[in-house]
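Everything below concerns the one structure shown next.
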Protein chains: 2
Amino acid sequence: MAAPKRLTQHDIAKLAGVSQATVSLVLNGAPTALARIPQETRERVQQVIRTTGYVADPIARRMAKGLNRILGVFTYEPAFPSAQADFFTPFLLGIEEEAQIQNYDLLLLTGAGVGQDRKIFADGNRLRIADGCLVLGREFDRTELTRLVSGDYPFVAIGRREDAGGPVPYVGGDYANGTRALVEKAGALGHSRLAYIGPPGPAESTADRWSGFDRALGNGLELVLHIETVGCAADEILDALLGSGATVAFFVELADAVRVEAAARARGLSIPGDFSAVVLGSHIRAERSHMQFTAFDIPREEMGRQATAMLVRRIESGDAGGQILLTCEPVEGETLGPAKKRT
Amino acid sequence: MAAPKRLTQHDIAKLAGVSQATVSLVLNGAPTALARIPQETRERVQQVIRTTGYVADPIARRMAKGLNRILGVFTYEPAFPSAQADFFTPFLLGIEEEAQIQNYDLLLLTGAGVGQDRKIFADGNRLRIADGCLVLGREFDRTELTRLVSGDYPFVAIGRREDAGGPVPYVGGDYANGTRALVEKAGALGHSRLAYIGPPGPAESTADRWSGFDRALGNGLELVLHIETVGCAADEILDALLGSGATVAFFVELADAVRVEAAARARGLSIPGDFSAVVLGSHIRAERSHMQFTAFDIPREEMGRQATAMLVRRIESGDAGGQILLTCEPVEGETLGPAKKRT
DNA sequence: ATTAACTGCTAATACGCATTAGCAGTTAAT
DNA sequence: ATTAACTGCTAATGCGTATTAGCAGTTAAT
């Protein structure tokens with residue numbers, strides 16, 4: 001009923017018959033300071049705190065001390081809505097787990113930008129309420145990244161990032177080697193004519209896949225078809241594929257692979273009987289498709305965990321932050337078979 | 001390279017040749033105050049702000065003003081880890097969406113409690129950094145709820161809650177009527193002997209299902225079996241079910257229904273051929289089961305949205321907050337058929 | 001000619017906490 | 001008997017902002 005005005009240390013102090021400073025010391029004074037406050041007084045204060053349920057205002061705390069055990073999470077797209085939810089959830093899972101261990105809370109920055117155009121440095125941005133932040137998204141704004149790098153605000157990116165006026169601290173997946181391993185596996189199965197369905201950039205994630213692929217060529221492996229645009233009509237891709245004489249197709253996008261597989265099935269072709277398909281990356285919810293695609297695993301949760309740990313290190317020890325690429329293990333799947341001999 | 005010491009309004013003031021107060025006024029003074037600052041001065045200050053990229057420290061802002069456009073989200077279980085992720089995600093989806101619209105950020109309180117025993121009022125809790133909070137979880141701590149209700153801190157629960165020393169503001173799903181509608185539907189299909197698999201309480205969510213069920217009895221509808229424990233062996237449930245002569249079983253837990261269906265199939269029984277099954281609530285990811293169960297929809301996203309909107313109203317207008325139950329529409333499914341005539 | 005109203009600003013203060021310097025009283029050491 | 005060290009605290013200050021009261025100068029009104 002009564003609206004008990006928010007308690008302050010002054011109130012506690014009055015009730016315990018001490019000064020506000022003493023309350024503060026009891027709450028979080030260094031051992032050296034605490035040593036000078038006798039058990040008796042300490043207990044009296046604690047008692048009052050307990051019965052009143054007083055909790056220090058974290059804002060004021062931060063104001064005075066500069067830190068508040070909050071990690072910001074900035075996403076260049078809204079984190080939960082439908083399509084994105086599947087993409088971000090695993091990262092958040094890892095982030096939350098590690099944050100909990102380190103005893104940090106998470107601030108999801110949702111309001112930072114309007115609609116499509118999210119900006120870290122938007123006017124009125126509340127990022128700084130957090131002690132540091134994690135940045136995730138498929139594609140970053142380079143200007144902002146540069147500003148972050150040159151600034152003194154601790155952050156860690158999830159996903160590899162090119163230098164932006166300096167090295168960017170990140171924890172990413174090693175897509176290049178993940179891709180390379182799959183290409184080599186295809187080679188071992190007798191494939192020599194390869195197709196690549198997906199752009200070679202500009203985002204780091206796509207660029208890495210392409211570079212891993214490109215480096216694996218040679219040694220009898222040849223790129224016979226490269227469709228750089230994503231989302232082409234499945235039949236077009238299929239026609240090109242068949243026309244090129246490729247025996248295996250590498251897809252950057254799962255969706256493309258799914259559609260091409262369906263189109264192939266519609267024509268009476270089978271995978272991996274007639275040609276093989278490989279997807280460069282794992283996807284959360286295997287969109288209801290008939291096949292479990294051969295791919296590589298993206299350790300999203302672990303990325304979230306390690307990025308969080310790195311960020312905490314930056315915040316607490318002034319660490320510079322490093323660059324970590326986590327191994328992406330191959331996922332067997334059932335769409336990569338021996339190369340079909342061509343007539 | 002250089003670590004540019006964080007700018008303050010004092011710095012801006014010095015650069016623009018005015019006082020700190022003027023800077024503050026230019027930034028966010030009321031029109032009445034602004035009117036007294038000539039265009040020329042305003043522009044000079046704005047210019048400095050623009051070139052320096054100054055952004056007001058949100059912490060200090062909150063310190064002075066008392067609000068910071070942050071909504072806390074407290075979950076009685078960690079929000080993301082595996083099992084929970086599916087449960088909380090749809091709520092968060094709605095919450096984030098609405099928060100974005102209202103231009104609030106979200107503070108996920110992850111570190112509030114250790115392990116199982118999460119507490120809102122845990123020592124060191126940082127809840128108050130937010131202007132208000134949303135509370136979610138299957139089961140609440142009544143003591144804490146009472147304290148929240150009696151306090152002046154704005155909050156809104158997601159899911160119906162019994163009074164706790166006063167009415168609890170919430171946005172929930174109308175499970176009682178959702179359940180009732182399904183029972184009536186079964187009645188219309190000729191069922192008269194019903195089984196209920198699930199506890200009648202104590203959590204509101206389960207109590208509501210039970211009360212809706214209970215109220216729908218009579219009129220020739222009879223409860224012939226009630227198994228109050230969840231997670232019983234499927235075969236035991238099935239035996240009891242068949243022995244009771246029930247023609248339709250209502251499950252509180254999808255998992256129970258899935259297991260019983262499997263057990264029935266193993267014995268050569270079919271649903272809804274031999275008996276019908278109804279699940280009281282929708283579940284995020286239909287655990288890979290053969291059947292699409294007849295159930296009712298829980299509008300989780302909408303609950304998140306409306307709860308967020310209500311919370312913002314409480315914060316901004318000192319609104320008392322209401323109690324909203326959203327309709328849970330029936331989900332057709334394929335497990336509720338006509339009652340089988342008993343010999 | 002006096003007052004009133006307006007203009008263009010600034011000084012001062014509050015917000016709640018952490019932290020430092022130091023006061024007054026008591027013992028212990030020399 | 002003087003100094004030193006220790007005990008148990010408190011006063012004072014700063015963090016960066018928002019806000020209110022009000023100052024000094026100018027113009028307008030009576």
Side-chain angles (χ1 to χ4, degrees), chain A residues 4-46 49 52 54-70 123-129 131, chain B residues 4-45 49 52 54-69 123-131 153:
Chain A
K5 205 69 217 118
R6 178 149 169 63
L7 288 169
T8 71
Q9 288 188 347
H10 263 113
D11 303 324
I12 305 300
K14 220 168 297 172
L15 289 173
V18 295
S19 72
Q20 175 264 324
T22 305
V23 176
S24 177
L25 287 177
V26 167
L27 272 176
N28 42 22
T32 56
L34 267 187
R36 308 194 49 179
I37 297 177
Q39 188 66 13
E40 203 188 357
T41 307
R42 256 184 286 170
E43 268 171 13
R44 193 153 29 93
V45 174
Q46 299 273 24
I49 289 176
T52 55
Y54 166 82
V55 181
D57 180 347
I59 289 278
R61 210 166 180 144
R62 151 92 187 195
M63 188 79 211
K65 209 160 128 189
L67 292 182
N68 56 8
R69 301 201 83 79
I70 289 181
D123 181 82
N125 131 42
R126 312 234 146 59
L127 191 53
R128 290 206 92 113
I129 216 169
D131 299 335
Chain B
K5 202 73 216 107
R6 183 158 168 63
L7 285 170
T8 71
Q9 288 188 348
H10 264 112
D11 304 326
I12 305 300
K14 220 167 295 172
L15 290 173
V18 294
S19 72
Q20 175 266 324
T22 303
V23 175
S24 178
L25 287 177
V26 167
L27 273 175
N28 44 20
T32 57
L34 268 187
R36 307 191 50 176
I37 297 177
Q39 188 66 12
E40 202 189 0
T41 308
R42 257 183 286 169
E43 268 171 11
R44 191 155 27 97
V45 174
I49 289 175
T52 55
Y54 164 82
V55 181
D57 181 343
I59 290 279
R61 213 163 177 146
R62 146 95 182 189
M63 186 79 209
K65 211 156 129 191
L67 293 181
N68 59 6
R69 301 201 83 80
D123 182 85
N125 138 32
R126 271 157 249 283
L127 189 54
R128 290 206 92 114
I129 201 172
D131 299 333
Y153 186 70

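All chains are named by letter (A, B, ...) in the order of the sequence lines, taking the proteins before the strands, and each is independently numbered beginning at 1. The figures that follow rest on heavy atoms only: side chains count, while hydrogens, waters and symmetry mates do not.
Rounded to whole angstrom, the span from the CG atom of A:L7 across to the C1' atom of C:dG16 amounts to 12 Å. If you measure from atom CE of B:M63 to atom C1' of D:dT17, you get 10 Å, rounded to the nearest angstrom.
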Where protein sits on nucleotides 3-13 of chain C, one letter per nucleotide: B base, S sugar-phosphate only, - none, heavy atoms under 4.0 Å:
----BBSBB--
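In this structure, B:S24 reaches the bases: a heavy-atom distance under 4.0 Å links it to at least one base atom across the strands shown.
Between C:dC15 and B:R62, no contact under 4.0 Å exists linking OP1 or OP2 to a side-chain N or O. Between B:Y54 and D:dT17 there is a side-chain N or O to OP1 or OP2 distance below 4.0 Å.
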For residues 22-29 of chain A, tabulate all N or O donor-acceptor pairs below 3.5 Å that involve a side-chain atom, not counting sequence neighbours.
unit_1: A:T22; atom_1: OG1; unit_2: A:S19; atom_2: OG; d: 3.1

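For DNA chain D, the stems formed by at least three consecutive Watson-Crick or G-U pairs, with both atom-pair distances below 3.5 Å, span C:1-30 with D:1-30.
A:R44 places a side-chain heavy atom less than 4.5 Å from the side chain of A:V18.
Note that the CD atom of B:Q20 and the CD atom of B:Q9 stand 5.0 Å from one another [nearest 0.5 Å].
Under the side chain to side chain donor-acceptor pair (under 3.5 Å) criterion, B:E43 pairs with B:Q39, not counting sequence neighbours. For the side-chain contact (heavy atoms from CB on, under 4.5 Å) test, residues two or more places apart in sequence or in another chain that qualify with B:D57 are B:R6, B:I59, B:A60.
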